[in-house]
Structure formats: structure tokens, C-alpha cells
**Q** 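Sharing a structure below in C-alpha cells format, with a few things to ask.
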Amino acid sequence: MVTVPEQARREAQRLREEILRHDYLYYVLDTPEVPDSEYDRLYRELQQLEAEYPSLVAPDSPTQRVGGQAAREFSSITHRQPMLSLNNAFAEEEAAAFDRRVREALGTDMVEYAVEPKFDGLAISLVYEHGLLVQAATRGDGYTGEDVTANIRTIRAIPMRLFDDVAPPLLEVRGEVLMLKEDFFALNRQQDALGEKLFANPRNAAAGSLRQLDPRITARRPLSFFAYGMGAAEGIPAFATHGTMMDYFAERHLPVAKERAVVRGLQGLLDYYQRIGSVRPALPYDIDGVVYKVNNLRQQQELGFVSRAPRFAIAHKFPAEEALTQIEAIDVQVGRTGAITPVARLKPVFVGGVTVTNATLHNQDEIDRKDIRVGDTVCVRRAGDVIPEVVRVLPERRQPGSRPYHLLETIGHVCPVCGSHVVRQEDEAVARCTGGLYCPAQRKQAILHFASRRAMDIEGLGDKLVEQLVDSGLVRHLPDLYRLDLDILANLERMGEKSARNLLDALEKSRDTSLARFIYGLGIRNVGEATARDLARHFGTIEALAAATSDQLQAVPDVGPIVAESILQFFGEQHNRDIIRILCTPSPEGGAGIVFQQAAVSAAPQVLAGKTFVLTGTLPTLSRDQAKAMIESAGGKVSGSVSRKTDYVVAGEEAGSKLDKARELGIPLLDEANLMGLLQ
Ligand code: IVH
């Protein structure tokens, strides 16, 4: 073993202390004493010494902040004491009610409070044993969190050893990990320059950085920390107040917020709320409110907890941030189900921690209600991670000559993505593209639905595969599915020859299907499985269904004007009809070759045709599904609720309110034997 000269040992010790002091000055007190170059010089000297004499390397050496390899996953840690959450107050009255409850419970007229910013970051527990940081965990569900020790060690504001001559055997510090606004902007500039994804706000950036499995990545992210409380502890002084406890933390070089204070009574709380609210934009970090805590720790104990939150503390939240900007244009987006959503393109504005450039306008009714027009100056709001919204228009700033916005007129009743008709049904707030089978915006959804178990039942055609097939352009429309071959499939990602063969088999099998499944698989709005079955039974062929009028459609049980309208719109779209035609054309002629079995349903005599049943309670021998299947195969329908249209209620043991309803409406009641009798 190499013996370490005493001088080297002392020099290493001196360098370590010097670096730690500069870390503290820079990261905790924000008052650096030396330029970065001087700091780097000290750091390199220490590294060299440690390289020469490895036995000098201590676990809490500043050179050891980034260690180890990337982990496969975070292991979970059970908190010694649960990490609870705070109740929220939004209005002044709620803060007043908090103060009143506290005063009443304590039997005093005036309470002293410790008050702090409510940091908008992530809760963290730090465990120090004999002064050494041994474990760091996220809050998780409050009882167990994730072990993020390696990542937390990279945060220079967090001491790896408490600044203490005789540190307590155990001290669990709780606080918030966050990214300072300034660091967040710098990080995003850097991400941008590297062509990497930008973070939406400092909170997301902090969360994303802390959840890296490779601590070397976290080390490159500028994270900060503020302590705000204590968990498990042994051998620490009996503090009288939260304030003195925070002083104890600060003396041990743990970062605490400069803005913390101690105030008296409700007026003290509200003044603090005002004061922090007014300096909020200038604070170096994002906050979403302030926290009030009864300062006296004995009183805290007396007040205790209700369910998962302390009675002695509350978060007083700031209202969602608002800002003024201008609507430059209104675009429309087509969703996966064809819903057409108007979206305001905004002059970029910084609000609630992010730059907002779009806001959803939801639908025409919303636009009418707020009278939103292109060119308007509007107030936008963003709270938390929610989609920004336009709160109101400032009519006094409206430009002369502006006109109300009409979504359907603007797009000429035509889908901007596929050119199919766009309609708005009477009972609906949203307008929809009717080209469900054709529209690229709805493509993936349409294929997944078509392939689903209760539709064409194409096993193996799941999310990921559909994604690949559509994104690569291999499948644009449903008939393309039936043109896939082994070569193409086996070359896809995550697809071996075996699964390719299985999928081809499943596709082949699906060609031979029932008309009911096929109709359901088309994804016509408002046409579920049961309606599809009724339609198949009633019309017998897809051509007859496609040609049906509204009255003919409404002759089918349970098809009312709305369902009929959806069906008419669907078949009214030429794009959809074309695709159906190709699906049903024999394969030698270039189609997908789908054929319909003579509906199995009509094999059984349709003795219950047109009759609606409701099942309730437990039958002596039949399961609910069996009874349902028997009724349906005899042409009957099973509905979930009793109404005047119900023909029979089949009641078993412990039948409940449906039986009462049936009696009330005078609907014939059957038991299992009666049902079997009917089916004979
Ligand atoms: S004290 C019993 N103080 O807010 C809970 N929490 O809903 C004690 N938070 O997850 C928490 N700033 O991460 C406390 N000054 C502050 C805080 C703060 C932010 C977070 C904390 C917790 C959530 C509570």
C-alpha cells in the first residue's frame, strides 16, 4: 500500500474544505467569492491528489458527487414517516377559516405563524446519518418513494455532509428540488442548440432531470434545493418553533428560502401573501402560493393531522397566472375521432412559467359565448400543467371591422385534413369530420377499432404496430391491411417471422366475418355493438344499410333520429363508401376479399325478434352472459335498464331496483323457467 505523506493528506483536506466553502457561498448563499476559474483550479488539484493517493478519496469529497453507473430502475424506499400533503386555500376567506380553526383548537386569540413560499418543484426526503447524506427519496405515494440518492448527490446546493462538529445520529430533512428560472432558460437554450426537446417549464425540467437513471445526466442539469421541514430524527435539540428548526438547518449549510418569515395572526398571513405575490415575478424560482405553518412545534403537535394533511399548516395558492396577448389566427385541428377543434394561434406570451403560443377554443359555442375573433386582444390563463385557455376578450381593444368567427363557414364545411364533409349534429357541441375511414387524422384510431376483438378480431394488430404501419406509409386505409405480406411485416421493428405469420393468419381469418362485426368495425359514430347487430339483422347486406333512408333506419329497434343521422352522414361520405367497396371486393379483383357468413344468429328461430329484455338478480342455473346470449340468438335484445319499452324483466335471486321499476310499470316478470319456456 502506498503511504500517504502527511502533507498530501492535509492538502487534500484543505482543498476539500475550500471547495465546500465555495459551493456553499455559490449555491446556497448566492454570494460567490472567487471567479469560476479559481474554483476549477482547486477542483482539479484535489482530483490530481486523489488520483495519486486513492485512499484519500472520502465518500463526501466534492469530487464524488457523480458516481456509479446508470441504473436499470429506481429501487423503492419506504419513508420512515409518511410524506403528507397540504390542504389548499384559494380565497382569503379560506385562509381566515384556517386561522379561526387553529385559534379555536388551541384556545388562543392570536397565533404565531412561520410563513414560506410554496416552491413549485418536487418533494424530496434527505436522510443524514451522523452528518453524512446516506439516502434521498422522492415522495412517491407518500408512503414509498424512489431511491434517487445518486442523482441528489449531484446537486451542489445539497451538502453531502452536514456542516456540524457533532452531527445527530439521524436527521431526515424534507424539502423541494427545483430548477431556478435562470437555469431553466439557459438549459433550454442549450437543448435548443443541440436540437434536443425543450422543457415546458422549470418544474418539468426539474422532474425530468431528477428521474434520469444515469446520474451523469442529472449532474449536467442545474438543480437546486430548499429545505422546509423535518421527518424522522434522533439526537437533535428540542426546538421550540419551526423557525428555530429552520435556523438549525441553515447553520448546517442546508439551503432555506430567504423569503421565510414569522408573522402574527390572520393579518400577518394576508400581508405576507400580498408581499410575496407582488415579488413573485422577480423571485429566482417558480412558486404557486405561500405556506402557513403554526410556528410553535408543541402547538403543531396538539393540532395534529386530519387524514393525509396537517391541521397546523395550509397552502394559500395564488390565482392562475394571466396575461394579455393577441389572437393572430384561428386554426382547426382534427382529433383522432374526427372532432374538429378550433385553436387560437397567439402572439407568444410568457405566462404561468411557460411561453404560450396556442390556446384551445374548444368549440363554436365557446367562441360564441366569449365572442372571440381573429385579431382580438385576449386575456389568457394557465394553471399548473393544464392547457392554456382564453379567459375573455378585451372588447375595448377590438380592431374596427372585425367579424364574428364561424368555424364551419371558415373551413367551408370541409375537413382541412382530408376534404370530407364536416357536420355538427344537433345534440353535439363539436363539429366532426365524417370521413372516419379515410381521414389521415383518424387513420390509426380507425384501424385499431376495426381490428379490435369485438369487431374484426385481428389478433396482434395493436397500438405499436398500427403506429409503425401508418407512420411508414405501409397502411393508409383499411384495405391496405390485407395487402401486407411476410416480407414487409417481418422487416418491421420488433417483429419476427413468427409474429408476422401469426398476424397474416389473423388477417386471413378476419376475412370471413359477420356483417354485424363488420358494421361495428366501421366505427360509425353512435353505432355500438348491439346497434350493429340490429342493423345487420334488419338490413341483411351492407349495400342495403348504405342505401337506407332515415325512416328505414329508424324502423330498427333502438335507432332514433340521432343514430340514424350518424349512419346517414357516414354513408353519405363518398370516401367511406369507396373504402367499404374495396374491402368487400374479392381479392382476385384487387379487393380485400371480406365475406360475410350467413349470420349465425338467423340459424336459430327468431322467436324473440323485436322483444326487449332486462335481466336482474342471480338466476338459478344460467349466468347473466348465457341468458343474454340465448335471448340474442333468438332475436331478442337485452337492455341495461327498465323502461316502458321493456317487454320482459327476467328476475332472479336478490333482484333490486329494476324489479321494483318493472312492477311499477306493470312489465311482465319472468323467472328462468319462464324464459326457457319462451325460448322453446
Ligand atoms: S410543508 C405535511 N412547505 O407542497 C406536508 N411543503 O402539498 C408538509 N411544498 O408535496 C409540507 N413548498 O413538496 C411545505 N414551504 C413548503 C413547501 C411545500 C412546497 C410542497 C411539498 C408538498 C406539497 C404539499
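Whatever order the structure lists ligands and atoms in, that order sets their numbers, starting from 1. One is the number of the first residue; the rest follow in order along the sequence.
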**Q** Is there any ring-ring contact (aromatic ring centres under 6.0 Å, His included) pair reaching into residues 287-332, and which pairs are they, with sequence neighbours excluded?
**A** Y273-H316, Y273-F318, Y292-H316, F305-F312

**Q** So if I only count non-hydrogen atoms and take anything under 4.0 Å from ligand 1, which residues does that give, chain by chain?
**A** L84, S85, L86, E116, P117, K118, F119, A123, R139, E176, Y228, V291, K293, P310

**Q** Have Q64 and D60 got a donor and an acceptor in their side chains that come within less than 3.5 Å?
**A** no

**Q** Does the side chain of Y39 come under 3.5 Å of the side chain of D23 through a donor N or O and an acceptor N or O?
**A** yes

**Q** Name all pairs fulfilling the ring-ring contact (aromatic ring centres under 6.0 Å, His included) condition that reach into residues 179-206, sequence neighbours left out, sorted by first residue then second.
**A** F185-F350

**Q** Taking ring pair (Phe, Tyr, Trp, His ring centres under 6.0 Å) as the test, write out the residues that go with F90, two or more places apart.
**A** none

**Q** Answer yes if the side chains of Q300 and N296 hold a donor-acceptor pair under 3.5 Å, and no otherwise.
**A** no

